[in-house]
Asker: 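Sharing a structure here in structure tokens format.
Chain letters run A, B, ... following the sequence lines, proteins first, then strands; residues in each count from 1. These numbers come from a predicted model, not from an experiment.
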Number of protein chains: 2
Amino acid sequence: MGAGYVHGYDDRANERLRDQARTLVDLLHHDTAYPAGSRVLEAGCGVGAQTLTLAERSPDAEIISIDVSATSLAEAARRAEAAGVTNVEFMQADVFDAPFEPESFDHVFVCFLLEHVERPVAALELLGRLLRPGGTITVIEGDHGSAYFHPDSEAAHDAIRCQVELQRAAGGDANIGRRVYPLMTEAGFDDVRVSAREVYVDSSRPELVDGFTRKTFTAMIEGTREAAIGAGLIEPERFDEGIAALYRTAEADGVFCYTFFKGVATRAVTI
Amino acid sequence: MGAGYVHGYDDRANERLRDQARTLVDLLHHDTAYPAGSRVLEAGCGVGAQTLTLAERSPDAEIISIDVSATSLAEAARRAEAAGVTNVEFMQADVFDAPFEPESFDHVFVCFLLEHVERPVAALELLGRLLRPGGTITVIEGDHGSAYFHPDSEAAHDAIRCQVELQRAAGGDANIGRRVYPLMTEAGFDDVRVSAREVYVDSSRPELVDGFTRKTFTAMIEGTREAAIGAGLIEPERFDEGIAALYRTAEADGVFCYTFFKGVATRAVTI
């Protein structure tokens, strides 16, 4: 981690994550609500893109949101305060060294974190220990290999592959979505249920064309330009051709598809 | 069309299409039911893989199912009779030269046909003329470019690309699913609504592992072996490596994803 391209650390990235959070809220979160009084750990809250949604959908749960980045946490806290959210406590902490007692949470929620983690199974195992037996863990991840579009473009796929390579070089996996089931299973959770949540965008859905195709996915890939070229992964002209092709899919006859994966599982009563 | 690999013309292919039809019925057809008394054209019924489902879900509609292949039609009719279906009439006819009066149908249903057609917009326009104004057309297509899996394998993608190339050489498009929206729009239909229907398969869904990953998708790609090697598209060892990698995704820690697209639109009242 720590490469310049990793999202969440500059204003444009923050804006993009907020856009993404808005357009994808229903797709990703409509079936997540925690009961009154339950204690929920959000691991890797970043700038709080998911935190407000979590808090609004579970207004009587007690949510602890942690992140390694003090800068991100400050932004998350500022936004929570602005939204009048009162049931979230923010704490600076690393998932691999979190200052919580074993079995001290009823639920754990992890969104867009494992893609950046070198040892995702170890992270899940540690989070599992924080859960009371019978508690649930929810994991949401994207998968850049799930992106396809019309008109198709090899240059666009090349540009996307740069992001995948950069994230891999930083120890992560931008194609992790398809692995949510095996990762959660390997980490020892029970009753792992994963669902694929495909974002399908054509011009009959202008909010998604703008909010997802342009401002989320293409902007994210575009944001890796300097890092990708600097790392010698691609020629500038080819990269720009790929980005233009991605924007082209946002036109009237264009189509863009991308899939997120959501897994829910239970901590076994006997681990 | 007419290349040896095209599905629907031998027993193994028929069995595969029946398996596919069983496991995907709900995903693809749960929202298709035509009212009593409506006249429905199924264009390109093949061996009737979708016909029985159509007939069962719209028991009081009058369904006319056409196909160019007399062999396929005979099989479709045999199966309809065996299932006790009485509301379907089978006719040998080409979509591009169908013996029907303009505006003589209330609904048109097209499933896995356009992928084989050289001029899909022209086919849709002709079908549109058979619809009464205000009638609906439903189009279902897959997209081989939507296939991704864990463990990932370049050899598997190479093997899949052979099918895409063979279908292209025969005038079709195995990646047509993503184009359903622009095709239906270009053909002049109103209120085009397309939804992506992703088949997500992990080992918690053993019926799909067997019925879809193994017996539908991988069997279909495997069925192109001789044609692909004969056309010089791939070395035998590489092809076999790709097929083995696809079967590998059906093991306990494997995941397989594929998306179908379903479009529904209306014939404009004034064309």
Side-chain angles (χ1 to χ4, degrees), chain A residues 27 121 141 143-154 156-157 161 164 168 173-187 189-205 208-209 249 251-265, chain B residues 27 121 141 143-154 156-157 161 164 168 173-187 189-205 208-209 249 251-265:
Chain A
L27 184 73
V121 171
E141 292 290 346
D143 190 313
H144 289 4
S146 76
Y148 55 98
F149 30 82
H150 174 75
D152 202 0
S153 155
E154 272 309 310
H157 287 291
R161 268 190 287 272
V164 174
R168 179 178 298 148
D173 179 3
N175 294 352
I176 202 171
R178 71 191 76 178
R179 293 170 60 208
V180 166
Y181 178 83
L183 292 173
M184 294 179 83
T185 302
E186 191 182 341
F189 291 101
D190 268 12
D191 195 22
V192 179
R193 301 297 294 175
V194 173
S195 57
R197 314 218 168 177
E198 184 158 10
V199 184
Y200 167 77
V201 187
D202 64 34
S203 57
S204 73
R205 309 173 192 226
L208 281 172
V209 171
T249 71
E251 293 184 19
D253 65 345
V255 171
F256 190 90
C257 302
Y258 186 91
T259 300
F260 295 91
F261 294 81
K262 182 171 186 172
V264 181
Chain B
L27 184 72
V121 171
E141 293 290 345
D143 190 312
H144 289 3
S146 76
Y148 55 97
F149 30 81
H150 173 73
D152 201 0
S153 155
E154 270 310 310
H157 287 291
R161 268 191 287 271
V164 174
R168 179 177 299 148
D173 179 3
N175 294 351
I176 201 170
R178 71 192 75 178
R179 293 170 57 208
V180 166
Y181 178 83
L183 292 172
M184 294 179 83
T185 303
E186 190 181 342
F189 291 101
D190 268 10
D191 195 22
V192 180
R193 300 297 295 175
V194 173
S195 57
R197 313 218 169 177
E198 184 158 10
V199 184
Y200 167 77
V201 188
D202 63 34
S203 56
S204 72
R205 310 173 191 225
L208 282 172
V209 171
T249 72
E251 293 185 20
D253 64 346
V255 171
F256 190 88
C257 302
Y258 186 91
T259 301
F260 295 92
F261 293 81
K262 182 170 186 173
V264 181

Asker: Calculate, to the nearest 0.5 Å, the distance between atoms CG and CZ belonging to B:Asp202 and A:Arg179 respectively.
Answerer: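 It is 14.5 Å, given to the nearest 0.5 Å.
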Asker: Suppose we call two aromatic rings close when their centres sit under 6.0 Å apart. Are A:Tyr200 and B:Tyr181 close by that rule?
Answerer: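 They do not qualify: ring centres at least 6.0 Å apart.
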Asker: Report the option among A:Ser146, A:Gly254, A:Ala252 that has the most heavy-atom pairs separated by less than 4.5 Å from atoms of chain B.
Answerer: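 That would be A:Ser146.
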Asker: Given heavy-atom pairs under 4.5 angstrom as the criterion, report whether the side chain, backbone, both or neither of B:Ala147 touches chain A.
Answerer: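 B:Ala147 has no heavy atom closer than 4.5 Å to chain A.
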Asker: Identify the heavy atoms of B:Arg178 and A:Val255 that sit nearest to each other, and give their distance.
Answerer: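 Shortest heavy-atom contact: O-CG2, 3.3 Å.
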Asker: Name the region of B:Phe149, side chain, backbone, both or neither, that has any atom closer than 4.5 Å to a heavy atom of chain A.
Answerer: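 It is the backbone, since no side chain atom gets that close.
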Asker: For chain B, which candidate among A:Ser195, A:Pro151, A:Ser203 shows the most heavy-atom pairs at distances under 4.5 Å?
Answerer: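 When all of A:Ser195, A:Pro151, A:Ser203 are compared, A:Ser203 has the most.
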Asker: At a heavy-atom distance under 4.5 Å, which candidate from B:Leu183, B:Val194, B:Asp143 has the highest pair count against chain A?
Answerer: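 Winner by heavy-atom pair count: B:Val194.
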Asker: By a 4.5 Å heavy-atom criterion (distance strictly below it), what part of B:Ser204 contacts chain A: side chain, backbone, both, or neither?
Answerer: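 Interface part for B:Ser204: both.
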Asker: What's the shortest heavy-atom distance between A:Thr259 and B:Glu198, and which atoms?
Answerer: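 Shortest heavy-atom separation between A:Thr259 and B:Glu198 comes out as OG1-OE1, 2.8 Å.
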Asker: Would you check, one step at a time, whether the test side chain to side chain contact (heavy atoms under 4.5 Å, CB included) holds for B:Asn175 with A:Tyr148?
Answerer: CA-CA 10 Å; B:Asn175 294 351; A:Tyr148 55 98; over 6 Å; no
Asker: What part of A:Val192 gets closer than 4.5 Å to chain B, counting heavy atoms only: side chain, backbone, both or neither?
Answerer: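 Just its backbone gets close to chain B.
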